[in-house]
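The structure appears right after this line, and notes come after that.
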Amino acid sequence: MSTTTGAFIAGGIAACGAVTVTHSFETVKIRLQLQGELQSKKEAVRLYKGVLHGVGVIFRNEGAKGLLRGLSCAYIYQMTLNGCRLGFYEPLRSSITNLIYKDSSVQALGVNIFSGATSGILGAAAGSPFFLVKTRLQSFSPFLPVGTQHHYKNAWDGMKQIYTHEGIKGLYRGVGPAMVRTGFGSSVQLPTYFFAKRRLVRHLGMEEGIPLHLASSAASGFVVCCVMHPPDTVMSRMYNQTGSLYSGAFDCLYRTVKTEGIFAVYKGFFAHLARILPHTILTLSLAEQTMKVMRKIEDRVLPESIKEKI
Ligand SMILES: *[C@@H]1O[C@H](CO)[C@@H](O)[C@H](O)[C@H]1NC(C)=O
(Lines give C-alpha, C1' and ligand atoms only; values in the text may rest on other atoms or scores of the structure.)
Protein backbone atom coordinates (compact mmCIF):
# COMPACT_ATOMS: atom_id res chain seq x y z
CA MET A 1 0.00 0.00 0.00
CA SER A 2 1.35 3.41 -0.99
CA THR A 3 1.18 6.37 1.40
CA THR A 4 -1.37 9.13 0.82
CA THR A 5 1.42 11.61 0.04
CA GLY A 6 2.88 9.18 -2.43
CA ALA A 7 -0.51 8.77 -4.11
CA PHE A 8 -0.97 12.56 -4.12
CA ILE A 9 2.32 13.20 -5.93
CA ALA A 10 1.91 10.26 -8.27
CA GLY A 11 -1.65 11.27 -9.18
CA GLY A 12 -0.66 14.89 -9.75
CA ILE A 13 2.24 14.07 -12.03
CA ALA A 14 0.09 11.67 -14.03
CA ALA A 15 -2.62 14.31 -14.45
CA CYS A 16 -0.20 17.05 -15.60
CA GLY A 17 1.20 14.74 -18.25
CA ALA A 18 -2.35 14.13 -19.47
CA VAL A 19 -3.25 17.84 -19.36
CA THR A 20 -0.32 18.87 -21.56
CA VAL A 21 -1.44 16.54 -24.32
CA THR A 22 -5.11 17.53 -24.26
CA HIS A 23 -5.11 21.25 -23.40
CA SER A 24 -5.82 22.41 -26.99
CA PHE A 25 -9.15 20.60 -27.02
CA GLU A 26 -10.07 22.19 -23.72
CA THR A 27 -9.47 25.63 -25.24
CA VAL A 28 -11.73 24.80 -28.19
CA LYS A 29 -14.36 23.35 -25.86
CA ILE A 30 -14.60 26.56 -23.84
CA ARG A 31 -15.00 28.72 -26.93
CA LEU A 32 -17.66 26.37 -28.33
CA GLN A 33 -19.56 26.47 -25.04
CA LEU A 34 -19.53 30.25 -24.92
CA GLN A 35 -20.35 31.06 -28.51
CA GLY A 36 -23.96 31.94 -29.20
CA GLU A 37 -24.69 32.29 -25.48
CA LEU A 38 -28.32 33.27 -24.93
CA GLN A 39 -28.89 33.65 -28.67
CA SER A 40 -31.35 31.61 -30.68
CA LYS A 41 -29.85 29.21 -33.23
CA LYS A 42 -30.74 31.54 -36.10
CA GLU A 43 -28.97 34.64 -34.80
CA ALA A 44 -25.94 32.89 -33.33
CA VAL A 45 -22.72 33.36 -35.31
CA ARG A 46 -20.60 30.21 -35.35
CA LEU A 47 -16.99 31.35 -35.36
CA TYR A 48 -15.85 27.89 -34.35
CA LYS A 49 -17.60 25.07 -36.22
CA GLY A 50 -16.41 22.05 -34.26
CA VAL A 51 -13.39 20.41 -32.67
CA LEU A 52 -11.06 20.15 -35.66
CA HIS A 53 -12.17 23.41 -37.23
CA GLY A 54 -11.65 25.11 -33.85
CA VAL A 55 -8.15 23.71 -33.37
CA GLY A 56 -7.25 24.73 -36.96
CA VAL A 57 -8.61 28.26 -36.68
CA ILE A 58 -6.94 28.94 -33.36
CA PHE A 59 -3.64 27.47 -34.51
CA ARG A 60 -3.61 29.52 -37.74
CA ASN A 61 -4.51 32.80 -36.05
CA GLU A 62 -2.88 32.54 -32.65
CA GLY A 63 -0.32 29.78 -33.04
CA ALA A 64 0.43 27.08 -30.48
CA LYS A 65 0.42 29.82 -27.84
CA GLY A 66 -3.28 30.39 -28.52
CA LEU A 67 -4.11 26.73 -28.04
CA LEU A 68 -2.07 26.51 -24.85
CA ARG A 69 -3.37 29.62 -23.10
CA GLY A 70 -3.89 28.98 -19.39
CA LEU A 71 -1.78 25.81 -19.32
CA SER A 72 -0.01 26.71 -16.08
CA CYS A 73 -3.39 27.24 -14.39
CA ALA A 74 -4.47 23.87 -15.71
CA TYR A 75 -1.43 22.29 -14.05
CA ILE A 76 -2.13 23.84 -10.66
CA TYR A 77 -5.78 22.87 -10.95
CA GLN A 78 -4.96 19.30 -11.90
CA MET A 79 -2.44 18.93 -9.08
CA THR A 80 -5.13 20.08 -6.67
CA LEU A 81 -8.03 18.11 -8.12
CA ASN A 82 -6.51 14.82 -9.14
CA GLY A 83 -4.18 14.83 -6.18
CA CYS A 84 -7.21 15.04 -3.91
CA ARG A 85 -9.13 12.55 -6.00
CA LEU A 86 -6.57 9.81 -6.30
CA GLY A 87 -5.13 10.58 -2.89
CA PHE A 88 -8.32 10.60 -0.83
CA TYR A 89 -10.36 8.01 -2.71
CA GLU A 90 -8.77 4.85 -1.35
CA PRO A 91 -8.40 6.01 2.29
CA LEU A 92 -12.02 7.25 2.27
CA ARG A 93 -13.32 4.11 0.61
CA SER A 94 -11.52 1.69 2.87
CA SER A 95 -12.42 3.47 6.10
CA ILE A 96 -16.11 3.75 5.18
CA THR A 97 -16.18 0.15 3.97
CA ASN A 98 -14.47 -0.94 7.16
CA LEU A 99 -17.05 0.96 9.19
CA ILE A 100 -19.99 -0.70 7.40
CA TYR A 101 -18.70 -4.18 6.56
CA LYS A 102 -15.93 -4.56 9.17
CA ASP A 103 -13.70 -5.51 6.24
CA SER A 104 -12.04 -2.89 4.03
CA SER A 105 -11.42 -5.29 1.15
CA VAL A 106 -15.15 -5.46 0.25
CA GLN A 107 -15.94 -3.59 -3.00
CA ALA A 108 -19.28 -1.89 -2.37
CA LEU A 109 -20.46 0.13 -5.39
CA GLY A 110 -22.33 2.69 -3.28
CA VAL A 111 -19.34 3.37 -1.05
CA ASN A 112 -17.05 3.60 -4.09
CA ILE A 113 -19.32 6.13 -5.77
CA PHE A 114 -19.64 8.17 -2.60
CA SER A 115 -15.89 8.23 -1.99
CA GLY A 116 -15.15 9.15 -5.61
CA ALA A 117 -17.63 11.98 -5.57
CA THR A 118 -16.55 13.34 -2.18
CA SER A 119 -12.85 13.43 -3.01
CA GLY A 120 -13.59 15.03 -6.39
CA ILE A 121 -15.87 17.68 -4.90
CA LEU A 122 -13.23 18.60 -2.29
CA GLY A 123 -10.65 18.97 -5.04
CA ALA A 124 -12.96 21.01 -7.27
CA ALA A 125 -13.78 23.43 -4.47
CA ALA A 126 -10.12 23.91 -3.65
CA GLY A 127 -9.16 24.31 -7.30
CA SER A 128 -12.06 26.45 -8.56
CA PRO A 129 -10.16 29.80 -8.62
CA PHE A 130 -7.51 28.27 -10.87
CA PHE A 131 -10.16 26.84 -13.19
CA LEU A 132 -11.83 30.25 -13.30
CA VAL A 133 -8.65 32.03 -14.39
CA LYS A 134 -7.86 29.21 -16.80
CA THR A 135 -11.28 29.53 -18.45
CA ARG A 136 -10.85 33.28 -18.86
CA LEU A 137 -7.34 32.95 -20.25
CA GLN A 138 -8.57 30.36 -22.75
CA SER A 139 -11.51 32.39 -23.97
CA PHE A 140 -9.28 35.40 -24.61
CA SER A 141 -8.51 35.77 -28.30
CA PRO A 142 -7.17 38.76 -30.23
CA PHE A 143 -8.68 37.30 -33.43
CA LEU A 144 -11.99 35.54 -32.84
CA PRO A 145 -13.08 36.42 -29.32
CA VAL A 146 -16.00 34.73 -27.59
CA GLY A 147 -17.00 35.66 -24.08
CA THR A 148 -15.81 38.53 -21.93
CA GLN A 149 -12.24 39.44 -22.83
CA HIS A 150 -10.30 39.60 -19.61
CA HIS A 151 -6.84 41.03 -20.03
CA TYR A 152 -4.73 38.93 -17.71
CA LYS A 153 -0.98 38.75 -18.34
CA ASN A 154 -0.75 35.30 -16.79
CA ALA A 155 -2.29 33.06 -14.15
CA TRP A 156 -0.90 35.00 -11.20
CA ASP A 157 -1.95 38.37 -12.67
CA GLY A 158 -5.45 36.99 -13.22
CA MET A 159 -5.79 35.84 -9.62
CA LYS A 160 -4.48 39.18 -8.38
CA GLN A 161 -6.84 41.26 -10.56
CA ILE A 162 -9.89 39.24 -9.57
CA TYR A 163 -8.96 39.43 -5.90
CA THR A 164 -8.34 43.20 -6.05
CA HIS A 165 -11.62 43.97 -7.84
CA GLU A 166 -13.98 41.40 -6.33
CA GLY A 167 -12.25 39.82 -3.35
CA ILE A 168 -12.51 36.17 -2.33
CA LYS A 169 -16.07 36.06 -3.60
CA GLY A 170 -14.86 36.87 -7.10
CA LEU A 171 -12.29 34.09 -6.98
CA TYR A 172 -14.99 31.62 -5.96
CA ARG A 173 -17.45 32.65 -8.66
CA GLY A 174 -18.99 29.51 -10.19
CA VAL A 175 -17.73 27.18 -7.46
CA GLY A 176 -21.21 25.58 -7.21
CA PRO A 177 -21.44 24.21 -10.76
CA ALA A 178 -17.71 23.41 -10.58
CA MET A 179 -18.37 21.12 -7.62
CA VAL A 180 -21.43 19.56 -9.26
CA ARG A 181 -19.52 18.99 -12.48
CA THR A 182 -16.60 17.32 -10.81
CA GLY A 183 -18.84 15.45 -8.39
CA PHE A 184 -20.66 13.93 -11.39
CA GLY A 185 -17.39 13.14 -13.15
CA SER A 186 -15.61 11.72 -10.13
CA SER A 187 -18.55 9.67 -8.98
CA VAL A 188 -18.39 7.66 -12.18
CA GLN A 189 -14.68 7.77 -13.07
CA LEU A 190 -13.11 5.27 -10.70
CA PRO A 191 -16.15 2.99 -10.26
CA THR A 192 -16.60 2.63 -14.05
CA TYR A 193 -12.84 2.12 -14.36
CA PHE A 194 -12.75 -0.72 -11.85
CA PHE A 195 -16.07 -2.09 -13.11
CA ALA A 196 -14.83 -2.21 -16.72
CA LYS A 197 -11.57 -3.73 -15.53
CA ARG A 198 -13.32 -6.54 -13.65
CA ARG A 199 -15.64 -7.26 -16.60
CA LEU A 200 -12.78 -7.31 -19.10
CA VAL A 201 -10.84 -9.72 -16.90
CA ARG A 202 -13.82 -11.96 -16.26
CA HIS A 203 -15.48 -12.02 -19.69
CA LEU A 204 -12.64 -11.39 -22.13
CA GLY A 205 -9.96 -13.07 -20.05
CA MET A 206 -7.73 -9.97 -20.23
CA GLU A 207 -4.78 -9.94 -17.88
CA GLU A 208 -3.39 -7.18 -15.67
CA GLY A 209 -1.28 -4.94 -17.90
CA ILE A 210 -1.28 -1.94 -20.22
CA PRO A 211 -3.98 -3.09 -22.73
CA LEU A 212 -6.36 -3.74 -19.84
CA HIS A 213 -5.63 -0.31 -18.32
CA LEU A 214 -6.20 1.38 -21.70
CA ALA A 215 -9.52 -0.34 -22.42
CA SER A 216 -10.93 0.24 -18.93
CA SER A 217 -9.99 3.90 -18.88
CA ALA A 218 -11.49 4.50 -22.34
CA ALA A 219 -14.81 3.09 -21.15
CA SER A 220 -14.61 5.22 -18.04
CA GLY A 221 -13.75 8.40 -19.98
CA PHE A 222 -16.77 8.14 -22.23
CA VAL A 223 -19.22 7.79 -19.36
CA VAL A 224 -17.52 10.62 -17.47
CA CYS A 225 -17.91 12.97 -20.43
CA CYS A 226 -21.62 12.23 -20.86
CA VAL A 227 -22.54 13.00 -17.25
CA MET A 228 -20.12 15.85 -16.77
CA HIS A 229 -20.76 17.97 -19.84
CA PRO A 230 -24.04 19.75 -18.95
CA PRO A 231 -22.78 21.14 -15.60
CA ASP A 232 -19.47 21.89 -17.32
CA THR A 233 -21.26 24.15 -19.82
CA VAL A 234 -23.04 25.96 -16.99
CA MET A 235 -19.72 26.36 -15.20
CA SER A 236 -17.94 27.84 -18.24
CA ARG A 237 -20.72 30.39 -18.59
CA MET A 238 -20.68 31.29 -14.90
CA TYR A 239 -16.91 31.73 -15.10
CA ASN A 240 -17.25 33.98 -18.15
CA GLN A 241 -19.60 36.46 -16.59
CA THR A 242 -18.23 39.39 -14.64
CA GLY A 243 -21.48 41.16 -13.82
CA SER A 244 -24.64 39.36 -12.80
CA LEU A 245 -25.96 38.07 -16.11
CA TYR A 246 -27.18 35.00 -14.24
CA SER A 247 -28.33 34.98 -10.65
CA GLY A 248 -27.06 31.43 -10.19
CA ALA A 249 -26.37 28.06 -11.79
CA PHE A 250 -30.04 27.08 -12.15
CA ASP A 251 -30.88 30.43 -13.73
CA CYS A 252 -28.05 29.86 -16.20
CA LEU A 253 -29.22 26.34 -17.03
CA TYR A 254 -32.84 27.43 -17.41
CA ARG A 255 -32.13 30.40 -19.67
CA THR A 256 -29.59 28.50 -21.75
CA VAL A 257 -32.10 25.75 -22.50
CA LYS A 258 -34.92 28.23 -23.04
CA THR A 259 -33.14 30.40 -25.62
CA GLU A 260 -30.78 27.94 -27.29
CA GLY A 261 -32.68 24.66 -26.98
CA ILE A 262 -32.03 21.56 -24.88
CA PHE A 263 -28.92 20.49 -26.83
CA ALA A 264 -27.17 23.74 -25.88
CA VAL A 265 -25.98 22.03 -22.70
CA TYR A 266 -24.06 19.66 -24.98
CA LYS A 267 -22.32 22.43 -26.94
CA GLY A 268 -18.63 21.54 -27.24
CA PHE A 269 -19.31 17.88 -26.30
CA PHE A 270 -16.97 16.42 -28.91
CA ALA A 271 -14.17 18.79 -27.97
CA HIS A 272 -14.73 17.69 -24.38
CA LEU A 273 -14.68 14.03 -25.42
CA ALA A 274 -11.48 14.65 -27.40
CA ARG A 275 -9.98 15.98 -24.20
CA ILE A 276 -11.46 13.54 -21.70
CA LEU A 277 -10.80 10.28 -23.55
CA PRO A 278 -7.03 10.69 -23.80
CA HIS A 279 -7.01 12.51 -20.47
CA THR A 280 -8.72 9.66 -18.63
CA ILE A 281 -6.70 7.04 -20.47
CA LEU A 282 -3.44 8.83 -19.68
CA THR A 283 -4.33 9.74 -16.11
CA LEU A 284 -5.57 6.32 -15.06
CA SER A 285 -2.98 4.32 -16.99
CA LEU A 286 -0.14 6.60 -15.91
CA ALA A 287 -1.44 6.50 -12.35
CA GLU A 288 -1.10 2.71 -12.34
CA GLN A 289 2.54 3.14 -13.40
CA THR A 290 3.44 6.12 -11.19
CA MET A 291 1.83 4.42 -8.18
CA LYS A 292 4.01 1.39 -8.82
CA VAL A 293 7.16 3.55 -9.01
CA MET A 294 6.14 5.51 -5.91
CA ARG A 295 5.63 2.29 -3.95
CA LYS A 296 9.08 1.10 -4.96
CA ILE A 297 10.68 4.40 -3.95
CA GLU A 298 8.87 4.38 -0.62
CA ASP A 299 9.88 0.80 0.02
CA ARG A 300 13.49 1.84 -0.36
CA VAL A 301 13.39 5.27 1.31
CA LEU A 302 10.97 5.03 4.21
CA PRO A 303 12.21 3.67 7.54
CA GLU A 304 10.60 0.42 8.75
CA SER A 305 8.88 2.16 11.67
CA ILE A 306 6.76 4.32 9.31
CA LYS A 307 6.07 1.52 6.85
CA GLU A 308 4.44 -0.59 9.50
CA LYS A 309 1.88 2.12 10.21
CA ILE A 310 0.81 2.50 6.57
C1 LIG B 1 -19.99 36.55 -20.92
O2 LIG B 1 -20.25 37.40 -19.82
C3 LIG B 1 -20.70 38.71 -20.13
C4 LIG B 1 -20.92 39.45 -18.83
O5 LIG B 1 -19.72 39.59 -18.16
C6 LIG B 1 -21.97 38.66 -20.94
O7 LIG B 1 -22.33 39.97 -21.34
C8 LIG B 1 -21.78 37.77 -22.17
O9 LIG B 1 -22.99 37.61 -22.84
C10 LIG B 1 -21.26 36.41 -21.73
N11 LIG B 1 -21.09 35.50 -22.85
C12 LIG B 1 -20.43 35.74 -23.97
C13 LIG B 1 -20.40 34.66 -24.95
O14 LIG B 1 -19.86 36.81 -24.16
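Ligands are counted one by one from 1 in listed order, and the atoms in each one are counted from 1 as well. Being a predicted model, the structure only gives us computed values, none of them experimental.
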Next on the checklist: Determine whether Q33 and D232 satisfy the following criterion, side-chain hydrogen bond (donor to acceptor under 3.5 Å, both in side chains), listing intermediate values before the conclusion.
Outcome noted: CA-CA 9 Å; Q33 286 176 320; D232 187 84; 2.8 Å; yes
Students should be able to answer this: which protein heavy-atom is nearest to [atom], and at what distance?
{"atom": "atom 11 (N) of ligand 1", "value": "E37 OE1, 2.4 Å"}
{"atom": "atom 14 (O) of ligand 1", "value": "G147 CA, 3.1 Å"}
{"atom": "atom 13 (C) of ligand 1", "value": "L34 O, 3.1 Å"}
{"atom": "atom 9 (O) of ligand 1", "value": "L245 CD2, 4.0 Å"}

Item to check | Heavy-atom protein contact below 4.0 Å for atom 7 (O) of ligand 1 | outcome: no
Item to check | Test side chain to side chain donor-acceptor pair (under 3.5 Å) applied to H272 - qualifying residues, sequence neighbours left out | outcome: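 If we apply the side chain to side chain donor-acceptor pair (under 3.5 Å) test to H272, skipping adjacent residues, the hits are H229.
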Against heavy atoms of [X], which atoms of ligand 1 measure under 4.0 Å?
{"X": "T242", "result": "4 (C), 5 (O)"}
{"X": "T148", "result": "1 (C), 2 (O), 3 (C), 4 (C), 5 (O), 14 (O)"}
{"X": "N240", "result": "1 (C), 2 (O), 3 (C), 8 (C), 10 (C), 11 (N), 12 (C)"}

Next on the checklist: We want to know whether H23 and Q138 form a side-chain donor-acceptor pair, criterion being a heavy-atom distance below 3.5 angstrom.
Outcome noted: yes
Checklist entry - Sequence neighbours excluded, which residues qualify as side chain to side chain contact (heavy atoms under 4.5 Å, CB included) partners of V180? => result F184, P231
Checklist entry - Considering only heavy atoms from C-beta outward, does the side chain of F114 approach that of I96 to under 4.5 Å? => result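 Yes, their side chains come closer than 4.5 Å.
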Checklist entry - Is it true that E90 and R93 make a salt bridge, defined as a side-chain N closer than 4.0 Å to a carboxylate O? => result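 Yes.
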Next on the checklist: With the threshold set at under 4.0 angstrom, would you say V146 reaches ligand 1 through any of its heavy atoms?
Outcome noted: no
Checklist entry - Quick one: does NZ or CZ of K160 land under 6.0 Å from the six-membered ring centre of Y163, within 45 degrees of the ring axis? => result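 Ring-cation test returns no.
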